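Keep in mind that this is a model prediction, so the values were computed, not measured. The basis for the numbers below is simple: all heavy atoms, side chains too, and nothing from hydrogens, waters or symmetry mates. All ligand and atom numbering here is 1-based and tracks the order in the structure.
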Amino acid sequence: MNIAVLVKLVPDTAAMIRLNGDKSGIETRDLNWVLNPYDEYAAEEALALVEKHGGEVTAVACGGDDQVEALRKVVAMGANNAVLVKREGEYDQLASAKAIANAIKDRGFDLIFTGYRTTDDDSTAIGPMVASLLELPCVTEVNKLEVGDGTLTAERNIEGGSEVLEASMPCVITAQKGLNEPRYPKLKGIMMAKKKQIETVDAEAGDIRTATTTMDYPPERPAGKIVGEGVEAVPELVRLLREEAKVIE
Ligand SMILES: Cc1cc2nc3c(=O)[nH]c(=O)nc-3n(C[C@H](O)[C@H](O)[C@H](O)COP(=O)(O)OP(=O)(O)OC[C@H]3O[C@@H](n4cnc5c(N)ncnc54)[C@H](O)[C@@H]3O)c2cc1C
């Protein structure tokens, strides 16, 4: 089985995010960057499938040289190959997806795994876009997967329940939390990943058609209200919950 895993670095979710001077993006200096958490589920699923069925896993990242770190993290987990689709400057989702699709279209992948979202730009777009550009089926937010001979069965949560789908392969799968328990890289894997040859291809992306105009912080939460202390405060608290917050009847 020949499997690709698309990966991207994101700021550590524990990091304090600040906007840059003209609020056109975030201040990236001094941030700690980690592999997008959903890409860890994607990578784990790909590696487990190859362990079971044989084959190879190729990690693919689109971006500048900094994204090599994302590739090395997946190689440390056990991926066989790493490809950087190199791009600089302004990009949007469609341009990223086109660059990735062009880079992988002739590599004969049976499965292409992505995270279902990133924890920074969070557009949930790349997996479905890559699938569309490659004219492949796509199952999103998958939390259980079984792969057969040329077909797969995937389960995903939907509002109030779950849905099971069958799809033909090749197929794009976007990984949701719960799909598996991602492994920690072993020391040997980390050492090997440091020396791993990264294949670099130039991005073929086309025009950039969206541009971020401004970003802003969420509105500040109003200050809390202290209605009193002890049991005497309960009637007033209940009144406020009923009449002001309207959260009880
Ligand atoms: C208007 C606009 C301007 C932008 N300008 C820039 C810019 O100047 N410079 C810049 O670096 N970025 C820029 N970006 C962000 C960049 O285009 C994102 O990488 C891309 O939009 C992916 O979106 P996302 O992170 O929301 O991915 P999602 O669709 O939420 O990610 C889902 C999954 O897709 C895969 N994936 C996502 N991105 C990549 C990637 N780059 N390589 C491999 N796999 C990936 C991962 O598996 C991920 O889990 C811009 C985005 C927008 C919308």
(message) Is the contact between Asp122 and ligand 1 made by the side chain, the backbone, both, or neither, using heavy atoms and a 4.0 Å cut-off?
(response) backbone
(request) Indicate, as side chain, backbone, both or neither, the part of Val7 found under 4.0 angstrom from ligand 1 when only non-hydrogen atoms are considered. (result) backbone
(request) Could you see which bit of Ala211 sits under 4.0 Å from ligand 1, with heavy atoms only: side chain, backbone, both or neither? (result) backbone
(message) Checking contacts here: is it the side chain or the backbone of Asp39 that comes within 4.0 Å of ligand 1, counting heavy atoms only? Could be both or neither.
(response) side chain
(message) Any salt bridge linking Glu199 with Arg107? Criterion: basic side-chain nitrogen under 4.0 Å from a carboxylate oxygen.
(response) yes
(request) Tell me which part of Glu40 gets within contact of ligand 1: side chain, backbone, both or neither, using heavy atoms under 4.0 Å. (result) neither
(message) Side chain, backbone, both or neither: which applies to Ser96 and ligand 1 if a contact is any heavy-atom pair less than 4.0 Å apart?
(response) side chain
(request) Look at atom 42 (N) of ligand 1 and find which of Gly89, Ala203, Ala205, Cys62 reaches it with the closest heavy atom. (result) Cys62
(request) Could you see which bit of Lys8 sits under 4.0 Å from ligand 1, with heavy atoms only: side chain, backbone, both or neither? (result) side chain
(message) Is there a polar contact between ligand 1 and Ile126, counting only N or O atoms under 3.5 Å apart?
(response) yes
(request) Give the numbers and elements of all ligand 1 atoms closer than 4.0 Å to a heavy atom of Ala61. (result) 42 (N), 43 (C)
(message) List the residues meeting salt bridge (Lys or Arg N to Asp or Glu O under 4.0 Å) with Asp216, not counting sequence neighbours, and say none if there are none.
(response) Lys23
(message) Evaluate Phe113 for polar contact with ligand 1, using N/O atom pairs at a separation under 3.5 Å.
(response) no
(request) Verify the distance criterion only: is there a donor paired with an acceptor across the side chains of Glu45 and Asn180 at less than 3.5 Å? (result) yes
(message) Taking 4.0 Å as the limit for heavy-atom contacts, which would you say applies to Ile100 with ligand 1: side chain only, backbone only, both, or neither?
(response) side chain
(request) Hey, could you give me each pair passing side-chain hydrogen bond (donor to acceptor under 3.5 Å, both in side chains) that has a residue in residues 121-134? Not counting sequence neighbours. (result) Lys8-Asp121, Gln93-Ser123, Arg117-Asp122
(message) If you take the nearest heavy atom of each of Arg87, Arg209, Arg117, which one is closest to atom 12 (N) of ligand 1?
(response) Arg87
(message) Using a 4.0 Å heavy-atom cut-off, which part of Thr210 comes near ligand 1: side chain, backbone, both, or neither?
(response) both
(request) Compute whether any side-chain donor of one residue and acceptor of the other, for Ser96 and Asp92, lie under 3.5 angstrom apart. (result) no
